[in-house]
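Here the structure is laid out as structure tokens; the discussion comes afterwards.
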Amino acid sequence: MKNYLEAHGALHVAGTKLVDAAGKPVQLRGVSTLGLAWYPEFVNEAAFRTLRDDWGANTVRLAMYTCEEGGYMTGGDKAALEALIDKGVKLCAALGMYAIVDWHILSDGDPNIHADAAEDFFRRTCARYADQPHVLYEICNEPNGQDVTWPVVKRYAQRIIPVIRAHAPRAVILCGTPTWSQDVDLAAMDPLEDGNLMYTLHFYAATHKDYLRDKAEKAIAAGAPVFISECSICDASGDGTIDYESGAAWRALIGRHGLSYIAWSLSNRDESAALVRAECDRTADWAEEELTDTGRWFRAALREDRG
């Protein structure tokens with residue numbers, strides 16, 4: 001099957017577009033793990049190969065929670081979590097896929113709370129993968145909270161970006177935006193001074209509809225490079241009813257702009273956003289009936305976008 005890394009090489013940002021080594025627009029599309037501490041079994045060669053060969057994915061996002069149960073900052077086994085990231089990065093390289101290393105803040109809200117740890121993590125991680133062109137770095141998953149404005153997030157990013165650049169000067173960096181990575185339009189009005197960075201937007205189609213699509217359009221029109229590093233077609237809790245109509249509207253926006261997108265989540269958790277059915281204990285080579293409704297929808301979308 002297609003070796004995406006061999007075909008496209010190191011990526012960079014040009015204007016609002018993600019482009020490959022030849023300067024041609026490229027769309028990263030794939031899936032995100034759920035918390036690495038919770039579902040480590042899905043980080044395996046057969047799973048990633050299934051996503052590549054059957055689904056048409058070219059990217060896996062490795063989501064490492066910082067403050068949830070088993071999180072990096074809340075008693076989790078840091079060595080084991082970093083080993084899972086390393087395993088995932090190496091699997092992606094072997095399969096010719098791209099990997100996103102995700103510092104997955106959520107309940108901590110303000111990324112500055114654990115900026116010291118983030119700085120240490122990215123310093124060591126970027127040194128480890130400095131010569132790996134398939135690795136992207138997502139520095140704050142979903143900043144959130146009333147006081148977590150774009151200037152607050154920007155201050156954190158201005159601290160972490162130089163740490164990454166010291167080891168990976170040409171790597172693509174993904175930066176979260178306030179309100180659980182929705183305020184890309186605010187970032188567009190006061191951008192970071194880094195030419196190889198994209199702003200993340202997250203959507204859950206049953207909750208996020210025209211108003212968030214309008215924010216995305218506004219940001220892109222203002223010149224901001226937008227990357228959808230997490231999305232699903234249920235509500236923002238990760239559960240609830242699927243909204244196929246809103247999902248189709250998001251697909252249309254993604255298609256218009258050639259946006260990269262990552263589906264949430266590679267797990268069999270008993271919730272709507274999980275891609276694998278809860279009663280299925282297989283961690284790869286899933287039959288269609290072993291996928292959730294969300295899983296089947298994203299598999300179809302990824303296969304269509306593979307062309």
Side-chain angles (χ1 to χ4, degrees), residues 16-18 27-32 34 59 61 63 102 104-107 109 138 140-146 148-150 153 174-190 198-267 269-275 291-305:
T16 62
K17 301 293 186 181
L18 185 64
Q27 180 189 54
L28 295 192
R29 54 188 185 274
V31 303
S32 176
L34 191 51
T59 307
R61 179 183 188 235
D102 168 29
H104 199 89
I105 73 158
L106 185 60
S107 64
E138 185 168 358
C140 50
N141 164 61
E142 288 186 351
N144 65 87
Q146 184 176 357
V148 184
T149 60
W150 172 242
V153 178
L174 306 178
C175 183
T177 55
T179 318
W180 296 276
S181 282
Q182 296 177 52
D183 293 338
V184 286
D185 54 331
L186 301 184
M189 292 188 291
D190 181 24
M198 307 185 80
Y199 302 97
T200 64
L201 180 144
H202 293 177
F203 74 81
Y204 284 77
T207 300
H208 305 125
K209 302 190 180 184
D210 285 343
Y211 80 94
L212 188 52
R213 289 187 283 269
D214 289 345
K215 286 168 77 73
E217 294 280 12
K218 182 178 179 181
I220 295 167
V226 172
F227 190 112
I228 300 173
S229 64
E230 183 180 313
C231 61
S232 191
I233 53 173
C234 58
D235 69 36
S237 72
D239 209 3
T241 303
I242 289 171
D243 190 328
Y244 291 108
E245 182 178 356
S246 180
W250 279 108
R251 288 277 293 142
L253 183 145
I254 287 168
R256 278 197 303 277
H257 297 289
L259 298 180
S260 297
Y261 65 96
I262 306 295
W264 181 266
S265 68
L266 181 59
S267 74
R269 191 175 188 172
D270 188 15
E271 64 179 12
S272 301
L275 301 175
L291 303 177
T292 61
D293 291 341
T294 300
R296 288 191 290 271
W297 191 89
F298 273 113
R299 176 176 177 267
L302 288 162
R303 288 167 68 92
E304 181 179 344
D305 290 342

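In this text the structure is predicted, and so the values were computed from the model without any measurement.
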Could you check F298 against L275 for side-chain contact (heavy atoms from CB on, under 4.5 Å), going step by step and ending with a plain yes or no?
-> CA-CA 8 Å; F298 273 113; L275 301 175; 4.1 Å; yes
State, with a plain yes or no, whether a side-chain heavy atom of [X] is found less than 4.5 Å away from one of [Y].
X    : Y    : answer
W264 : I262 : no
N141 : W180 : no
I105 : P143 : yes
L34  : L266 : no

Apply side chain to side chain donor-acceptor pair (under 3.5 Å) to T149 and list each qualifying residue two or more places apart in sequence or on a separate chain.
->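 So T149 forms no side chain to side chain donor-acceptor pair (under 3.5 Å) with any residue.
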Ring pair (Phe, Tyr, Trp, His ring centres under 6.0 Å) with [X]: which residues, sequence neighbours excluded?
X    : result
F203 : W250
Y199 : W150
H202 : none

With sequence neighbours excluded, tell me which residues meet salt bridge (Lys or Arg N to Asp or Glu O under 4.0 Å) with R29.
->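 Listed in chain order: nothing, the list is empty.
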By salt bridge (Lys or Arg N to Asp or Glu O under 4.0 Å), K215 pairs with (sequence neighbours left out) D183, D185
Checking L259, V226, L174 against M198 for side-chain contact (heavy atoms from CB on, under 4.5 Å), the one that qualifies is L174
Which heavy atom in [X] sits nearest to a heavy atom in [Y], and how many Å separate them?
X    : Y    : result
E138 : S229 : OE2-OG, 2.8 Å
L253 : A216 : CD1-CB, 4.2 Å
S181 : E142 : OG-CA, 4.0 Å
S32  : A63  : OG-CB, 3.9 Å
T177 : T200 : OG1-O, 3.1 Å
C234 : S272 : CB-CB, 3.7 Å

d(R269 CZ, T292 OG1) to nearest 0.5 Å is 13.5 Å
Distance in Å, E230 CD paired with I228 CD1, rounded so as to fall on 0.5 Å steps = 11.5 Å
Okay, side chain of N144, backbone of L106: is any donor-acceptor separation there less than 3.5 Å?
-> yes
Return yes if a side-chain donor-acceptor contact under 3.5 Å exists between [X] and [Y], otherwise no.
X    : Y    : result
E217 : H257 : yes
Q27  : S260 : no
D243 : Y204 : no
S237 : D235 : yes

Pairing of K209 and D214 as salt bridge, 4.0 angstrom limit |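 No, no charged N to carboxylate O under 4.0 Å.
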Kindly indicate, with the supporting measurements, whether the criterion side-chain contact (heavy atoms from CB on, under 4.5 Å) is fulfilled by R213 and S246.
-> CA-CA 10 Å; R213 289 187 283 269; S246 180; 3.1 Å; yes
Checking side-chain contact (heavy atoms from CB on, under 4.5 Å) for the pair V153/C175: CA distance, chi angles, key distance, verdict?
-> CA-CA 9 Å; V153 178; C175 183; 4.3 Å; yes
Would the number of heavy atoms belonging to other residues, nucleotides or ligands and lying under 6.0 Å from CG of D270 be above 12?
->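 Check fails, neighbour count at 12 or below.
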Would you sort out whether F227 and L201 count as a side-chain contact (heavy atoms from CB on, under 4.5 Å), showing the intermediate values?
-> CA-CA 6 Å; F227 190 112; L201 180 144; over 6 Å; no
